Number of protein chains: 2
Amino acid sequence: MRRLTIKDVAEIAGVSTSTVSRVLSDSPLVSDDTRKKVLKVVRELNFSPNVVARALKKRESSTIGLLVPDIVNPYFAEIARGVEDIAHKSGYSVVLCNYDADTEKEKKYLQVLLQRQIDGLIYAGSGLLAGSIVNLLQAGIPTVLLDRDTSEILDVDTVCIDDESAAQLAVDHLISLGHREIAVLSGPEYLNSSRGRLAGYKLSLARSAIDFKPELVVSGPFTTEAGFELVTKLVRSGARFTAVFAMSDMMAIGAIKGLQRLNLRVPEDIAVVGFDNIKMSELITPELTTVAQPMYELGSQAFAILKERLDARHSERQRIVLKTRLIVRDSCGANLRTDKLSLA
Amino acid sequence: MRRLTIKDVAEIAGVSTSTVSRVLSDSPLVSDDTRKKVLKVVRELNFSPNVVARALKKRESSTIGLLVPDIVNPYFAEIARGVEDIAHKSGYSVVLCNYDADTEKEKKYLQVLLQRQIDGLIYAGSGLLAGSIVNLLQAGIPTVLLDRDTSEILDVDTVCIDDESAAQLAVDHLISLGHREIAVLSGPEYLNSSRGRLAGYKLSLARSAIDFKPELVVSGPFTTEAGFELVTKLVRSGARFTAVFAMSDMMAIGAIKGLQRLNLRVPEDIAVVGFDNIKMSELITPELTTVAQPMYELGSQAFAILKERLDARHSERQRIVLKTRLIVRDSCGANLRTDKLSLA
DNA sequence: CAGAGTAGTGCAATCGATTTCATTCCAGTA
DNA sequence: TACTGGAATGAAATCGATTGCACTACTCTG
């Protein structure tokens, strides 16, 4: 039950292992006759070469690491799918790592990935990274960040969205529906994306000459629980607002739950916009109006530019910004209005 | 920028590579003095050994393959998380494969995994497998199936739930609430789990002396779209029923959408039970009553028994059946009733 | 004190591929 | 005819670890 090696193939085909290796890697340095002869044996034996041995010799493992906070989070699941699909098509395997936004875990995973001689890394963002990632870059492992990288020191490829203008899509929509008191459920403050989205929010307000009220901005993790609690606290605090801009769909969904629990109707009493457009957003009631992020493309693009790096086709730093768009559904009442209008 | 090898460590520490290797693998065949000396150098150089070389020599890659239909499906995402967590703790890396229940893709992935010399495989189930999996088993790769395996020919470890009794949990609940016309939204008919759950349904009916009506059973994929369409068709067909047993939460959620679209209230007009207890189930309105599957444990147990295989601690086939339980929320009206009672 | 046993160490072969370099063979050219 | 150059092939070194075997230097025993 020993696994076959190119040596076995070589013997049967009556050639050397060098030749078999050349055939298997499509080298032009083989005559057609020999090539056919070898391929015949390969097929008959159903032989497939040992990738580990190849990796050792070539110092390329055709493996990449994918670090995500948590694959259970549908946002990262879609990204992962995008990465894996394209990676597989290009002959790469992806090692999945859930680091839970935990610096210790992150360090441990990075170490393991290094030992495994991964060719590259895709890092989906807790935004905490700086520390450990730097080691990787020093070790010369091509890395792509799925997040805007603000530090100009860190010379790394990135794929991201334009958080600022994406947020404006959401806020402008609310404003166009007549809202002027718009609460914000922000993600963690240390995240670039939270900051960018908040900046977009302020910009939209300013353009419509609405005062920015800091007391309407609260922040927490991108979870339903946080959405629920933040909105509840906000209402109980007596803050006045007619709409909520949540920086993730999970938060928005939690917020809607919270509002309903307080006997406030969405969208009649309070409008809610989300962010991400995860599948769940169109399954809840009311269906969520949200800013769609192209998660799958975020992942597939990340792999694509990583691949370019690996093939040494690009040496300058690349930064790709993908488009977002507003998906109007029911949670802001936009459709209600048009209904009314069409009745009038 | 060359990566360090044990040879470098050996030279600096003034010992042979054998000794360094022994120290790194905790062999007792090294004196305390030497061990300390070597470890000091290892630490100073921040050296970590090349896992690829080790894999080649030891013929163990400390890597496992994880085949799931689609990581975006929250059911499989949780399983994957369970697998990865425990695998990582045991020093294994997991290669993620999304095969989309597509036999061709499956074959391709299996081939790649074999080439990569994976130590084991966890196969989460489309139920179609038989074909390609057999090759793996023949190749001697330890495999764990996340599904009941009915074929007694296939001698493979499995982790699963008891679909039959799990379904009874759901159906009995509906019956106890007075329902006697219970429609079934079944998963694909070729799946063991669909069959098992249907058997449970029939058993529950029989025990309450309710006639089984085949026209109340419809089937399709485990998706919201299918749930939506199947229930819509069922209602339009004029079938009479007061409750729906959906074999997955996604279907149940789709069904609720469909019923609401038809102006039927859930649970007042029609009760709905789901299956799985994915996170989303408590986020929709009404909150879904469902049979909880321990997805994370399914995954972690799968790795656990795979590990036992790898350590050669178990040679007999293992089959683990995990417990399910009913989670009563709002979609069946059970809470409505108690509310009324407490008012009376 | 001789001989046996054992702990600690190193040499060298090995895992299964890739690749450099040398070699052979033959066509083309002067 | 002799020589050059290119195409096709193989021998052998190599990637970075592990490990069987040989060897040394002790300790222990009778």
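Proteins come first, then strands; the chains are lettered A, B, ... in the order of their sequence lines, and each starts at number 1. Note that the structure is predicted; figures quoted are calculated from it, not measured.
Residue contacts for B/S18: at a heavy-atom cut-off of 4.0 Å it reaches a base atom on one of the strands shown. Within the nucleic acid shown, A/T5 comes within 4.0 Å of sugar-phosphate atoms alone, with no base atom in reach, counting heavy atoms only. Contact annotation for B/V15: backbone-only contact, meaning every heavy-atom pair under 4.0 Å involves sugar-phosphate atoms and none involves a base.
Residue order along DNA chain C, read from the 5' end via each residue's closest nucleotide, puts B/G14 first among B/G14 and A/R54.
Among residues two or more places apart in sequence or in another chain, the salt bridge (charged side-chain N to carboxylate O under 4.0 Å, His left out) test is passed with A/K37 by none. Every residue meeting the ring-ring contact (aromatic ring centres under 6.0 Å, His included) condition with B/F303, not counting sequence neighbours, appears here in chain and number order: B/Y92. When the side chain to side chain donor-acceptor pair (under 3.5 Å) test is applied to B/D157, the partners found at least two apart in sequence or on another chain are B/R309. For A/R116, the side chain to side chain donor-acceptor pair (under 3.5 Å) partners two or more places apart in sequence, or in a different chain, are B/S62, B/T63, B/S93. Among residues two or more places apart in sequence or in another chain, the salt bridge (charged side-chain N to carboxylate O under 4.0 Å, His left out) test is passed with B/E11 by none. The side chain to side chain donor-acceptor pair (under 3.5 Å) search around A/T34 returns A/S31, not counting sequence neighbours. Residues that satisfy the salt bridge (charged side-chain N to carboxylate O under 4.0 Å, His left out) test with B/E316, not counting sequence neighbours, are absent from this structure. A search for side chain to side chain donor-acceptor pair (under 3.5 Å) contacts involving A/T17 returns nothing, not counting sequence neighbours.
At a cut-off of 3.5 angstrom, counting only N and O atoms as typed in the model, there is no donor on one side facing an acceptor on the other between the side-chain of A/K58 and the base of C/dT18. Remark: the A/R22 side chain and the C/dT20 base include a donor-acceptor N/O pair separated by less than 3.5 Å.
Less than 6.0 angstrom separates the ring centroid of B/Y123 from the ring centroid of B/Y99.
Of all nucleotides in DNA chain D, those with any atom nearer than 4.0 Å to a heavy atom of chain B start and finish, going 5' to 3', at D/dG16 to D/dG20.
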Donor-acceptor list for residues 65-82 of chain A side chains, cut-off 3.5 Å, not counting sequence neighbours:
from: A/D70; atom 1: OD1; to: A/V72; atom 2: N; distance (Å): 3.0
from: A/D70; atom 1: OD1; to: B/R81; atom 2: NH1; distance (Å): 2.9
from: A/N73; atom 1: OD1; to: A/Y75; atom 2: N; distance (Å): 2.9
from: A/Y75; atom 1: OH; to: A/Q293; atom 2: OE1; distance (Å): 3.1
from: A/R81; atom 1: NE; to: A/D85; atom 2: OD1; distance (Å): 2.9
from: A/R81; atom 1: NH1; to: B/D70; atom 2: OD1; distance (Å): 2.9
from: A/R81; atom 1: NH1; to: B/D100; atom 2: OD1; distance (Å): 3.1
from: A/R81; atom 1: NH2; to: A/D85; atom 2: OD1; distance (Å): 3.2
from: A/R81; atom 1: NH2; to: B/D100; atom 2: OD1; distance (Å): 3.4
from: A/R81; atom 1: NH2; to: B/D100; atom 2: OD2; distance (Å): 2.7

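For DNA chain C, the neighbouring residues in residues 29-50 of chain A, judged by any heavy atom under 4.0 Å, are A/F47, A/P49, A/N50.
A salt bridge does not link B/K108 with B/E104: none of the charged nitrogens is closer than 4.0 Å to a carboxylate oxygen.
End-to-end axis angle for the helix from C/dC1-D/dG30 to C/dA30-D/dT1, using five pairs per end and rounding to 10°, comes out at 50°.
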